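Counting starts at 1 for both ligands and their atoms, in listed order. Note that the structure is predicted; figures quoted are calculated from it, not measured.
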Amino acid sequence: MKVAVFSTKSYDKKFFDQENKKFKHELEYFEVHLDESTVTLAKGFEAVCVFVNDDINEECLNKLSEYGIKTILLRCSGFNNIDLNVASCLGITVARVPEYSPHGVAEHALTLILALNRKIYRAYNRIRENNFLLEGLLGFNLNTKTVGVIGTGRIGSVFCKIMKGLGCPVLAYDPNINQDCIDSGVEYVDMKTLFKCSDIISLHCPLTPQTTHIIDDQAISNMKQGVMIINTSRGALIDTVAIVRGLKSEKIAYLGLDVYEEEGDLFFEDVSEKILEDDVFARLLTFPNVLITGHQAFFTDTALENITNITLQNLTDIEQCKPCPNLVTHEYIVSAKKE
Ligand code: NAD
């Protein structure tokens with residue numbers, strides 16, 4: 001099938017070209033995001049392939065449908081950036097990559113925790129200036145600290161096991177209990193208890209209308225003094241203005257982010273020559289106890305290989321009318337309609 005691949009970087013091309021040798025689809029790469037302003041580029045293609053910051057809204061979907069495009073391939077697990085109701089009404093099939101490397105993302109959450117706790121980012125800069133003082137680098141033992149995990153699906157459950165391995169009691173909140181987590185000693189509690197008892201809180205649930213700003217002023221007020229918050233899931237799970245207030249009041253002592261609610265104009269781009277217009281993000285960067293990575297939790301060789309392989313297999317399944325296990329199914333569309 002002839003596919004327009006949007007938001008592509010050199011590493012996407014490398015892995016797609018490598019994996020496509022066995023699938024032999026016709027791929028054309030575009031660096032720009034797909035949204036209503038760039039959708040004309042999709043004319044003449046049979047499918048589009050998109051990533052996390054493409055904005056597949058109603059206007060964009062109507063145009064895709066007008067061009068005869070009936071397949072959208074998400075090369076990510078989240079599908080919050082696509083209007084599923086409209087896609088369903090237009091008869092557009094949406095496939096995603098539900099799992100490509102839960103270990104990679106869970107390990108990145110741990111990386112943020114350890115780097116923040118032991119202030120590795122500060123130590124790295126100090127040592128390069130021959131400053132070997134330890135003042136300001138005091139950390140804490142992770143062992144025995146209580147970790148609260150919101151969302152115990154593929155990534156959250158791996159993260160729970162990692163933290164159990166470090167000797168941390170793990171509390172979890174998820175409307176769907178994961179037996180595997182219970183078997184590894186995770187205790188499910190309500191959200192309020194999780195906030196009250198956790199030294200570290202890590203977010204691993206999807207972004208939905210119910211989870212938008214799940215971390216707001218109210219949630220922060222219920223947390224322990226000096227809490228560490230980690231978000232490798234989706235930016236809008238956190239009300240960033242509330243989190244800035246929590247950092248200023250010192251209620252939050254550590255913040256590790258791989259995602260940011262307004263990341264679309266920043267992440268995956270080099271904007272070092274530009275003036276930063278986002279004052280909230282600029283304020284976040286001023287805190288010595290905030291560590292931000294630019295949506296790189298997924299970014300391992302294993303994940304890229306799996307993402308491209310599964311995306312191309314999804315396309316082959318759809319093209320050959322074979323059952324595709326990774327369609328964003330009716331179940332999701334119905335739940336989106338209810339919301
Ligand atoms: P998953 O679907 O396997 O698990 C999500 C879990 O969240 C499920 O168990 C679900 O029951 C739970 N959940 C749903 N609503 C909830 C709520 N209101 N409160 C608590 N839990 C709730 O998904 P996954 O593969 O583990 O991925 C989790 C999220 O991680 C994705 O939605 C995606 O946004 C994000 N992600 C980020 C990166 C990255 O590079 N930073 C990479 C992959 C995925």
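- The protein non-hydrogen atom at the shortest distance from atom 8 (C) of ligand 1 is D174 OD2, 3.4 Å.
- Here the rule is ring pair (Phe, Tyr, Trp, His ring centres under 6.0 Å) with F51, and of F6, F268, F299 only F268 fits it.
- Distances shorter than 4.0 angstrom occur between a heavy atom of S233 and an atom of ligand 1.
- The residues E269 and K9 are annotated as salt-bridged, a charged nitrogen and a carboxylate oxygen being separated by less than 4.0 angstrom.
- Within ligand 1, counting atoms from 1 as listed, the ones closer than 4.0 Å to a heavy atom of A297 are 39 (C), 40 (O), 41 (N).
- Ring geometry for H295 against F298 counts as perpendicular: the plane angle is over 60°, on a 0 to 90° scale with 30° as the lower cut.
- When hydrogens are left out, the protein atom nearest atom 27 (O) of ligand 1 is I155 CD1, 3.3 Å; that is the closest non-hydrogen contact.
- The neighbour count for L133 CG, taken as heavy atoms of other residues, nucleotides or ligands under 6.0 Å away, is above 12.
- Contact annotation: for R154 versus ligand 1, heavy atoms closer than 4.0 Å belong to both the backbone and the side chain.
- Residue H295 approaches ligand 1 through these ligand atoms, each under 4.0 Å from one of its heavy atoms: 39 (C), 40 (O), 41 (N).
- When only non-hydrogen protein atoms are considered, atom 40 (O) of ligand 1 lies nearest to F298 N, 3.0 Å.
- Considering only heavy atoms from C-beta on, S157 comes within 4.5 Å of N178 through its side chain.
- The contact set between ligand 1 and I150, taken as ligand atoms under 4.0 Å from a residue heavy atom, comprises 20 (C).
- Ring-centre distance between Y260 and F281: below the 6.0 Å cut-off.
- The number of heavy atoms from other shown groups lying within 6.0 Å of NE2 (H103) does not exceed 12.
- Looking at P206 against ligand 1, both its backbone and its side chain come within 4.0 Å, counting heavy atoms.
- Near N176, with a cut-off below 4.0 Å to any heavy atom, the atoms of ligand 1 are 11 (O).
- Applying the 6.0 Å contact sphere to CD of E277 captures no more than 12 heavy atoms from other residues, nucleotides or ligands.
- Heavy atoms from other residues, nucleotides or ligands lying under 6.0 Å from OH of Y124 number 12 at most.
- Closest to atom 16 (C) of ligand 1 among all protein heavy atoms lies P175 CD, 3.6 Å.
- Within the structure, ligand 1 lacks L207 among the residues with a heavy atom less than 4.0 angstrom away.
- Near V105, with a cut-off below 4.0 Å to any heavy atom, the atoms of ligand 1 are 42 (C), 43 (C).
- Residue-environment remark: CG (D190) exceeds the threshold of 12 foreign heavy atoms within 6.0 Å.
- At a 4.0 Å heavy-atom cut-off, ligand 1 does not touch F267 at all.
- In this structure, the protein non-hydrogen atom closest to atom 4 (O) of ligand 1 is G153 CA, 3.2 Å.
- Of the heavy atoms in T211, only side-chain atoms (C-beta onward) come closer than 4.0 Å to ligand 1.
- Remark: Q179 CD is packed, more than 12 non-hydrogen atoms of other residues, nucleotides or ligands lying under 6.0 Å away.
- For the ligand labelled ligand 1, residue R234 lies inside the 4.0 Å heavy-atom shell.
- The D258 neighbourhood of ligand 1 comprises atoms 39 (C), 40 (O), 41 (N), with distances under 4.0 Å to a heavy atom of that residue.
- When non-hydrogen atoms are compared, ligand 1 lies under 4.0 Å from neither the backbone nor the side chain of F299.
- Among all non-hydrogen protein atoms, the one lying nearest atom 19 (N) of ligand 1 is Y173 CE2, 3.4 Å.
- The pair E46-K2 does not count as a salt bridge, with every side-chain nitrogen at least 4.0 angstrom from each carboxylate oxygen.
- For K63, the NZ atom counts as loosely surrounded, since its 6.0 Å shell holds 12 or fewer non-hydrogen atoms of other residues, nucleotides or ligands.
- Residues F140 and Y254 place their aromatic rings such that the two centres sit under 6.0 Å apart.
- Contact annotation: H204 has at least one heavy atom less than 4.0 Å from an atom of ligand 1.
- Looking from atom 37 (C) of ligand 1 to the surrounding protein, the closest heavy atom is T232 O, 3.1 Å.
- Among all non-hydrogen protein atoms, the one lying nearest atom 42 (C) of ligand 1 is Y100 OH, 3.1 Å.
- For G78, the heavy-atom gap to ligand 1 stays at 4.0 angstrom or more.
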